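Remember, it's a predicted structure, so these values are computed and weren't measured experimentally. Note that the numbering runs from 1 along the sequence shown for the chain.
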Amino acid sequence: QVQLVESGGGLVQPGGSLRLSCAASGSIFVINGMGWYRQAPGKQRELVAAITSGGSTDYADSVKGRFTISRDNAKNTVSLQMNSLKPEDTAVYYCNADLKYYRGSYLTHEYDYWGQGTQVTVSS
């Protein structure tokens, strides 16, 4: 099995910063795209930022210029640096990956593999 474990969430004041990290572990063959999604109460889960294995990035308009996504392919990690945080950024943030991994000798492709989520609360 593969695990995606998020860390770095918490409570921060408006205008503050947080850095989220996601570490993938297990018998991973390759990770293609990775990304961060968020879900606020009563709302749909939405894409925050995504990054390909080659380093191309995509951001939601609401976070563009404030958030930066990056990855370390050697360590199988992806991070999200969040600056100038606003109350509307409050949500559970989920790590996502499109990956292939070995289950025994068989290669399995998971198109949407999810972490458990980490809470980000922006409030004074």
Side-chain angles (χ1 to χ4, degrees):
Q1 293 292 317
V2 172
Q3 287 191 93
L4 298 179
V5 180
E6 301 100 331
S7 62
L11 175 65
V12 66
Q13 294 181 341
S17 297
L18 283 175
R19 184 177 178 86
L20 305 183
S21 295
C22 174
S25 62
S27 300
I28 298 168
F29 175 69
V30 67
I31 301 177
N32 300 313
M34 300 189 77
W36 289 94
Y37 290 72
R38 67 186 181 188
Q39 188 167 24
K43 291 194 170 185
Q44 297 269 78
R45 188 172 298 186
E46 65 174 351
L47 174 70
V48 177
I51 186 167
T52 69
S53 60
S56 297
T57 58
D58 188 30
Y59 296 93
D61 288 340
S62 60
V63 308
K64 197 169 296 182
R66 299 188 296 121
F67 292 9
T68 303
I69 189 170
S70 61
R71 66 188 287 174
D72 186 333
N73 292 330
K75 296 180 179 179
N76 288 330
T77 60
V78 62
S79 297
L80 185 69
Q81 179 66 46
M82 304 185 293
N83 299 326
S84 302
L85 283 161
K86 305 174 181 179
E88 48 264 45
D89 294 319
T90 296
V92 177
Y93 284 70
Y94 296 90
C95 179
N96 170 268
D98 174 8
L99 57 84
K100 296 177 181 177
Y101 71 98
Y102 285 105
R103 187 163 61 183
S105 61
Y106 293 93
L107 192 63
T108 300
H109 191 177
E110 292 283 354
Y111 295 91
D112 286 291
Y113 204 94
W114 296 94
Q116 83 287 347
T118 185
Q119 177 71 47
V120 172
T121 303
V122 185
S123 177
S124 59

According to disulfide (SG to SG under 2.5 Å), does anything in residues 40-93 pair up with another residue at least two apart or in another chain? List the pairs. none

Tabulate below the donor-acceptor pairs under 3.5 Å that side-chain atoms of residues 101-108 make, not counting sequence neighbours, or state none.
none

Would you say that more than 12 heavy atoms from the other residues, nucleotides or ligands in this model lie under 6.0 Å from the CD of Gln44, or not? no

Pairs involving residues 7-35, ordered by first then second residue, that meet salt bridge (charged side-chain N to carboxylate O under 4.0 Å, His left out) (sequence neighbours left out): none

What side-chain hydrogen bond (donor to acceptor under 3.5 Å, both in side chains) pairs are there with at least one residue in residues 23-33, not counting sequence neighbours? none

Hydrophobic clusters here meaning ILVMFWY residues chained together by side-chain heavy-atom distances under 4.5 Å, can you tell me if Val5 and Ile28 are in one? no

Distance from Leu4 atom CG to Gln116 atom CD, nearest 0.5 Å? 9.0 Å

Side chain to side chain contact (heavy atoms under 4.5 Å, CB included) test vs Asn96 passes for just one of Trp114, Tyr111, Trp36, namely Trp114

Filter on salt bridge (charged side-chain N to carboxylate O under 4.0 Å, His left out), then keep only pairs touching residues 46-59, sequence neighbours left out; what's left? Arg38-Glu46

Is Val63 reachable from Tyr37 through a run of hydrophobic residues whose side-chain heavy atoms are each under 4.5 Å from the next? no

Judged by atom type as modelled, is there a donor-acceptor pair below 3.5 Å linking the side chain of Glu110 to the main-chain atoms of Leu99? no

With sequence neighbours excluded, tell me which residues meet side-chain contact (heavy atoms from CB on, under 4.5 Å) with Val120. Leu18, Leu20, Met82, Tyr93, Val122

If you take all heavy atoms of Ser17 and Ser84, which pair is closest and at what distance? OG-N, 4.3 Å

Which residues share a ring-ring contact (aromatic ring centres under 6.0 Å, His included) with Tyr113, sequence neighbours left out: none

Under 3.5 Å, side chain of Gln1 to main-chain N/O of Gly26, donor-acceptor pair present? no

With Gln13, which residues qualify under side-chain contact (heavy atoms from CB on, under 4.5 Å), at least two apart? none

What residues form a side-chain contact (heavy atoms from CB on, under 4.5 Å) with Ala49, not counting sequence neighbours? Tyr59, Ile69, Leu80

Can you list every pair that meets disulfide (SG to SG under 2.5 Å) and has a residue in residues 34-124, with sequence neighbours left out? Cys22-Cys95

Determine whether Ile51 and Leu47 fall in the same hydrophobic cluster, where Ile, Leu, Val, Met, Phe, Trp and Tyr are linked whenever their side-chain heavy atoms lie under 4.5 Å apart. no

Sequence neighbours excluded, every pair satisfying salt bridge (charged side-chain N to carboxylate O under 4.0 Å, His left out) that has a member inside residues 62-78: Asp61-Lys64, Arg66-Asp89

Qualifying residues under side-chain hydrogen bond (donor to acceptor under 3.5 Å, both in side chains), relative to Thr121, sequence neighbours excluded: Gln119

Is the backbone of Ser53 close enough, under 3.5 Å, to the side chain of Asn73 for a donor and an acceptor to pair up by distance? yes

To the nearest 0.5 Å, how far apart are CD1 in Ile31 and CG in Asp98? 9.5 Å

Atom of Ser124, atom of Pro14 and distance for their closest heavy-atom approach: N-CD, 3.7 Å

